[in-house]
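Computation of the quantities below employed the complete heavy-atom set of this structure, encompassing side-chain atoms and omitting hydrogens, waters and symmetry-equivalent molecules.
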Amino acid sequence: MDVDSTLIDEEVIDELGDAAGCGDEIAEVTERAMRGELEFCEALRARVALLKGLPASVFDTVHDRLHFTNGALALIDELHRHGWKVGVVSGGFHEVVDRLAAEAKLDFWLANRLEVEDGRLTGRVVGDIVCKTVKLHALQAWAKRCGVPSSQTVAVGDGANDIPMIQAAGLGIAFCAKPKTQLAAHESINERDLTKVLDFLR
(Lines give C-alpha, C1' and ligand atoms only; values in the text may rest on other atoms or scores of the structure.)
Protein backbone atom coordinates (compact mmCIF):
# COMPACT_ATOMS: atom_id res chain seq x y z
CA MET A 1 0.00 0.00 0.00
CA ASP A 2 0.84 3.65 -0.24
CA VAL A 3 1.98 5.51 2.90
CA ASP A 4 0.95 9.17 2.86
CA SER A 5 -2.84 9.58 3.28
CA THR A 6 -3.18 5.77 3.20
CA LEU A 7 -1.10 4.03 5.90
CA ILE A 8 -0.97 7.34 7.75
CA ASP A 9 -3.37 10.28 7.85
CA GLU A 10 -0.80 12.91 6.92
CA GLU A 11 1.39 13.80 3.92
CA VAL A 12 4.97 13.81 5.22
CA ILE A 13 6.18 16.28 2.58
CA ASP A 14 3.50 18.72 3.74
CA GLU A 15 4.59 18.29 7.37
CA LEU A 16 8.21 18.97 6.36
CA GLY A 17 6.95 22.02 4.48
CA ASP A 18 5.28 23.34 7.62
CA ALA A 19 8.60 22.97 9.44
CA ALA A 20 10.32 24.90 6.64
CA GLY A 21 7.71 27.67 6.72
CA CYS A 22 6.39 26.93 3.23
CA GLY A 23 3.63 24.48 4.09
CA ASP A 24 0.87 26.05 2.02
CA GLU A 25 3.04 26.24 -1.07
CA ILE A 26 4.11 22.60 -0.78
CA ALA A 27 0.60 21.36 0.06
CA GLU A 28 -0.78 23.00 -3.09
CA VAL A 29 1.79 21.19 -5.27
CA THR A 30 1.11 17.91 -3.44
CA GLU A 31 -2.61 18.18 -4.10
CA ARG A 32 -2.08 18.89 -7.80
CA ALA A 33 0.37 15.97 -8.13
CA MET A 34 -2.00 13.54 -6.39
CA ARG A 35 -4.80 14.60 -8.72
CA GLY A 36 -2.52 13.79 -11.65
CA GLU A 37 -2.22 17.39 -12.83
CA LEU A 38 1.57 17.47 -12.42
CA GLU A 39 4.26 14.92 -13.27
CA PHE A 40 5.15 13.35 -9.91
CA CYS A 41 8.97 13.34 -10.10
CA GLU A 42 9.11 16.95 -11.22
CA ALA A 43 6.66 17.97 -8.49
CA LEU A 44 8.63 16.10 -5.82
CA ARG A 45 11.94 17.71 -6.79
CA ALA A 46 10.30 21.14 -6.68
CA ARG A 47 8.90 20.50 -3.19
CA VAL A 48 12.11 18.99 -1.83
CA ALA A 49 14.11 21.99 -3.06
CA LEU A 50 12.03 24.17 -0.72
CA LEU A 51 13.28 22.12 2.26
CA LYS A 52 16.91 23.12 1.76
CA GLY A 53 18.60 24.09 5.00
CA LEU A 54 16.27 22.25 7.37
CA PRO A 55 18.15 20.38 10.14
CA ALA A 56 18.03 16.59 9.86
CA SER A 57 16.41 16.55 13.32
CA VAL A 58 13.20 17.66 11.54
CA PHE A 59 12.52 13.97 10.81
CA ASP A 60 12.11 13.33 14.55
CA THR A 61 9.72 16.25 14.85
CA VAL A 62 7.64 15.17 11.86
CA HIS A 63 7.55 11.49 12.83
CA ASP A 64 6.14 12.40 16.23
CA ARG A 65 3.27 14.31 14.57
CA LEU A 66 2.13 11.39 12.39
CA HIS A 67 -0.86 9.12 13.02
CA PHE A 68 -1.51 5.67 11.60
CA THR A 69 -4.81 5.68 9.73
CA ASN A 70 -7.68 4.17 11.69
CA GLY A 71 -7.54 0.40 11.26
CA ALA A 72 -4.05 0.32 9.70
CA LEU A 73 -2.32 -1.67 12.43
CA ALA A 74 -5.33 -3.96 12.90
CA LEU A 75 -5.34 -4.69 9.15
CA ILE A 76 -1.63 -5.54 9.13
CA ASP A 77 -1.95 -7.76 12.21
CA GLU A 78 -4.92 -9.63 10.72
CA LEU A 79 -3.15 -10.17 7.38
CA HIS A 80 -0.07 -11.47 9.19
CA ARG A 81 -2.24 -13.90 11.15
CA HIS A 82 -3.31 -15.38 7.81
CA GLY A 83 0.23 -15.61 6.47
CA TRP A 84 0.08 -12.56 4.18
CA LYS A 85 3.06 -10.30 3.55
CA VAL A 86 2.50 -6.54 3.76
CA GLY A 87 4.63 -3.88 2.13
CA VAL A 88 4.48 -0.15 1.54
CA VAL A 89 5.91 1.87 -1.29
CA SER A 90 6.08 5.59 -0.78
CA GLY A 91 6.79 8.77 -2.64
CA GLY A 92 7.76 9.96 0.85
CA PHE A 93 11.04 9.43 2.63
CA HIS A 94 12.99 6.55 4.19
CA GLU A 95 13.97 8.78 7.08
CA VAL A 96 10.35 8.59 8.28
CA VAL A 97 9.05 5.43 6.55
CA ASP A 98 11.74 3.23 8.13
CA ARG A 99 10.36 4.06 11.57
CA LEU A 100 6.74 3.61 10.51
CA ALA A 101 7.62 0.22 8.99
CA ALA A 102 9.21 -0.94 12.24
CA GLU A 103 6.24 0.25 14.30
CA ALA A 104 3.73 -1.41 11.97
CA LYS A 105 5.84 -4.59 11.59
CA LEU A 106 5.83 -4.36 7.80
CA ASP A 107 7.57 -6.99 5.67
CA PHE A 108 8.73 -4.69 2.84
CA TRP A 109 9.09 -0.96 2.33
CA LEU A 110 10.53 1.41 -0.22
CA ALA A 111 10.72 5.21 -0.24
CA ASN A 112 12.82 8.15 -1.37
CA ARG A 113 15.89 9.31 0.50
CA LEU A 114 16.76 12.95 1.12
CA GLU A 115 20.34 14.16 0.86
CA VAL A 116 21.85 15.50 4.09
CA GLU A 117 25.15 17.34 4.36
CA ASP A 118 26.58 18.69 7.61
CA GLY A 119 23.36 17.81 9.40
CA ARG A 120 21.09 19.77 7.05
CA LEU A 121 18.90 18.93 4.06
CA THR A 122 20.40 19.96 0.73
CA GLY A 123 17.04 20.17 -1.06
CA ARG A 124 17.88 17.16 -3.23
CA VAL A 125 16.75 13.53 -3.43
CA VAL A 126 19.39 10.77 -3.42
CA GLY A 127 19.06 8.23 -6.25
CA ASP A 128 15.98 7.40 -8.29
CA ILE A 129 12.65 8.87 -7.26
CA VAL A 130 9.87 6.48 -6.25
CA CYS A 131 7.39 7.27 -9.02
CA LYS A 132 4.35 5.37 -10.27
CA THR A 133 6.52 2.95 -12.28
CA VAL A 134 8.74 2.17 -9.28
CA LYS A 135 5.62 1.51 -7.19
CA LEU A 136 4.35 -0.92 -9.83
CA HIS A 137 7.71 -2.70 -10.05
CA ALA A 138 7.91 -3.00 -6.25
CA LEU A 139 4.54 -4.76 -6.15
CA GLN A 140 5.67 -7.16 -8.87
CA ALA A 141 9.10 -7.79 -7.33
CA TRP A 142 7.76 -8.46 -3.83
CA ALA A 143 5.08 -10.80 -5.18
CA LYS A 144 7.72 -12.71 -7.15
CA ARG A 145 9.99 -12.93 -4.11
CA CYS A 146 7.13 -14.42 -2.09
CA GLY A 147 6.04 -16.78 -4.89
CA VAL A 148 2.65 -15.08 -5.09
CA PRO A 149 0.91 -14.74 -8.49
CA SER A 150 -0.20 -11.22 -9.40
CA SER A 151 -3.81 -12.41 -9.27
CA GLN A 152 -3.37 -12.86 -5.50
CA THR A 153 -1.93 -9.40 -4.83
CA VAL A 154 -3.76 -6.40 -3.38
CA ALA A 155 -2.74 -2.76 -3.84
CA VAL A 156 -4.19 0.15 -1.87
CA GLY A 157 -3.57 3.84 -2.51
CA ASP A 158 -5.07 7.28 -2.93
CA GLY A 159 -3.06 9.20 -5.53
CA ALA A 160 -2.53 9.26 -9.27
CA ASN A 161 0.95 7.77 -8.77
CA ASP A 162 -0.71 4.66 -7.27
CA ILE A 163 -2.80 3.92 -10.37
CA PRO A 164 -0.40 1.52 -12.19
CA MET A 165 0.06 -0.71 -9.13
CA ILE A 166 -3.67 -0.59 -8.38
CA GLN A 167 -4.49 -1.66 -11.93
CA ALA A 168 -1.84 -4.40 -11.98
CA ALA A 169 -2.87 -6.01 -8.70
CA GLY A 170 -5.39 -8.82 -8.50
CA LEU A 171 -7.40 -6.43 -6.36
CA GLY A 172 -6.78 -2.70 -6.58
CA ILE A 173 -8.43 -0.51 -3.96
CA ALA A 174 -8.75 3.28 -4.05
CA PHE A 175 -8.66 4.47 -0.44
CA CYS A 176 -10.30 7.86 0.18
CA ALA A 177 -8.78 8.59 -3.19
CA LYS A 178 -8.60 11.30 -5.80
CA PRO A 179 -11.19 10.99 -8.64
CA LYS A 180 -8.74 9.60 -11.23
CA THR A 181 -7.63 6.90 -8.80
CA GLN A 182 -11.20 5.94 -7.92
CA LEU A 183 -12.00 5.49 -11.62
CA ALA A 184 -8.93 3.28 -12.15
CA ALA A 185 -9.50 0.98 -9.15
CA HIS A 186 -11.47 -2.25 -8.93
CA GLU A 187 -12.97 -1.17 -5.61
CA SER A 188 -13.13 1.99 -3.52
CA ILE A 189 -13.24 2.67 0.21
CA ASN A 190 -14.40 6.16 1.14
CA GLU A 191 -14.28 5.83 4.91
CA ARG A 192 -10.98 6.30 6.72
CA ASP A 193 -10.87 2.78 8.13
CA LEU A 194 -8.31 0.40 6.62
CA THR A 195 -9.96 -2.66 8.15
CA LYS A 196 -12.57 -2.19 5.39
CA VAL A 197 -9.95 -3.78 3.08
CA LEU A 198 -10.71 -7.07 4.80
CA ASP A 199 -14.28 -6.95 3.51
CA PHE A 200 -12.91 -7.61 0.00
CA LEU A 201 -10.70 -10.51 1.11
CA ARG A 202 -13.13 -12.68 3.03
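Residue pairs meeting the salt bridge (Lys or Arg N to Asp or Glu O under 4.0 Å) criterion with at least one partner in residues 12-30, sequence neighbours excluded, are Glu15-Arg65. Listed by first then second residue, pairs satisfying side chain to side chain donor-acceptor pair (under 3.5 Å) with a partner in residues 142-151 number zero, not counting sequence neighbours.
In this structure, Phe175 and Asp193 have side chains that are not in contact, with every pair of non-hydrogen atoms separated by 4.5 Å or more. Side-chain atoms of Leu201 and His82, non-hydrogen and from C-beta on, never get closer than 4.5 Å to each other. The closest side-chain heavy-atom distance from Trp84 to Ile76 is not below 4.5 Å. A heavy-atom distance below 4.5 Å is found between the side chains of Val130 and Lys135. A 4.5 Å side-chain heavy-atom check between Glu191 and Lys196 finds at least one atom pair inside the cut-off.
Within a 6.0 Å sphere centred on CG of Asn190, heavy atoms belonging to other residues, nucleotides or ligands number more than 12. At most 12 heavy atoms of other shown residues, nucleotides or ligands fall within 6.0 angstrom of atom NZ in Lys132. No more than 12 heavy-atom neighbours from other residues, nucleotides or ligands sit within 6.0 angstrom of CG on Asp128.
Test Val197, Val89, Val86, Asp158 against Met1 for side chain to side chain contact (heavy atoms under 4.5 Å, CB included) and you get one pass: Val86. When each of Val3, Leu66, Asp4 is tested with Glu11 by the rule side chain to side chain contact (heavy atoms under 4.5 Å, CB included), just one qualifies, namely Asp4.
Within the 3.5 Å criterion, the main-chain N or O of Gly157 finds no donor-acceptor partner in the side chain of Thr6. Here the side chain of Thr153 pairs no donor or acceptor atom with the backbone of Ala169 at under 3.5 angstrom. Not a single donor-acceptor pair under 3.5 Å links the side chain of Glu78 to the backbone N or O of Leu198. Between the side chain of Thr30 and the backbone N or O of Ile26, at least one donor-acceptor pair lies under 3.5 Å. With hydrogens and angles disregarded, no donor-acceptor distance shorter than 3.5 Å links the side chain of His94 to the backbone of Asn112. Looking at Glu10, its side chain does come within 3.5 Å of a backbone N or O of His67 through a donor-acceptor pair. Checking side-chain atoms of His186 against main-chain N and O of Gly172 turns up a donor-acceptor pair under 3.5 Å.
Side-chain contact annotation: Gln182 with Ser188, donor-acceptor N/O pair under 3.5 Å present.
Nearest heavy-atom pair across Lys85 and Cys146 is CG-SG, 3.7 Å.
Note on Leu110 and Val12: separate hydrophobic clusters, where clusters join Ile, Leu, Val, Met, Phe, Trp and Tyr whose side-chain heavy atoms are under 4.5 Å apart, directly or indirectly.
With rounding to the nearest 0.5 Å, the separation of CG in Leu121 from CG in Leu50 is 12.0 Å. Here Asp2 contributes atom CG and Met165 contributes atom CE; the two are 5.5 Å apart, rounded to the nearest 0.5 Å. Rounded to the nearest 0.5 angstrom, Ile13 CD1 and Arg47 CZ are separated by 5.5 Å.
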### Task
Just do the salt bridge (Lys or Arg N to Asp or Glu O under 4.0 Å) check on Asp60 and Arg99 with the steps written out, would you?
CA-CA 10 Å; Asp60 298 325; Arg99 297 188 222 185; 2.8 Å; yes

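A salt bridge between Glu42 and Arg45 is absent, with no side-chain N of the basic residue lying under 4.0 Å from a carboxylate O of the acidic one.
Judged by the 6.0 Å and 45° rule, Arg32 forms no cation-pi pair with Phe40.
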